[in-house]
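All heavy atoms count here, side chains included; hydrogens, waters and symmetry mates do not.
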Amino acid sequence: PKYEKAFTPYPFNSGYFMCVQLKEANAEKLRVHLLEKYGVGVIALGEKNIRVAFSCLEEEDIQTLFDCILDAANDLSS
């Protein structure tokens, strides 16, 4: 619920990737901001979607990643 103002996950299986639809932020701007400020890399897909690669994460880092995405989206909406 804490992420719902910034993004919505697309349905996904237990594969290597997950996509989320951004509600306000531009995907490319968010991608660059995440990389520059948080050291996090994601892939921008169009204007409102990003792809996250779980194959690059340890399980205990998943929540931290989504917290960074939320923080970056909030940074851009300020």
In this structure, would Ile43 and Leu22 fall into the same cluster of hydrophobic residues linked by side-chain contacts under 4.5 Å? no
Side-chain donor-acceptor pairs of residues 28-40 under 3.5 Å, sequence neighbours excluded:
| residue | atom | partner | partner atom | Å |
| --- | --- | --- | --- | --- |
| Glu28 | OE1 | Arg31 | NE | 3.1 |
| Glu28 | OE2 | Arg31 | NE | 3.3 |
| Glu28 | OE2 | Arg31 | NH2 | 2.7 |
| His33 | NE2 | Asp75 | OD2 | 2.8 |
| Lys37 | NZ | Asp75 | OD2 | 3.3 |
| Tyr38 | OH | Asp75 | OD2 | 2.7 |

Does atom NZ (Lys23) have a neighbourhood of more than 12 heavy atoms from anything else shown, all under 6.0 Å? yes
Please name the pair of heavy atoms, one in Val20 and one in Pro9, separated by the smallest distance, quoted to 0.1 Å. CG1-CA, 3.8 Å
Over 12 foreign heavy atoms within 6.0 Å of OH, Tyr16: no
Between the main-chain N or O of Ala27 and the side-chain N or O of Lys48, is there a donor-acceptor pair closer than 3.5 Å? no
Return a table of donor-acceptor pairs under 3.5 angstrom between the side chains of residues 50-70 and protein atoms on other chains or two or more places apart.
| residue | atom | partner | partner atom | Å |
| --- | --- | --- | --- | --- |
| Asp67 | OD1 | Lys2 | NZ | 2.9 |
| Asp67 | OD1 | Tyr3 | OH | 2.7 |

Just checking Gln21: does its CD atom have more than 12 heavy atoms from other residues, nucleotides or ligands closer to it than 6.0 angstrom? yes
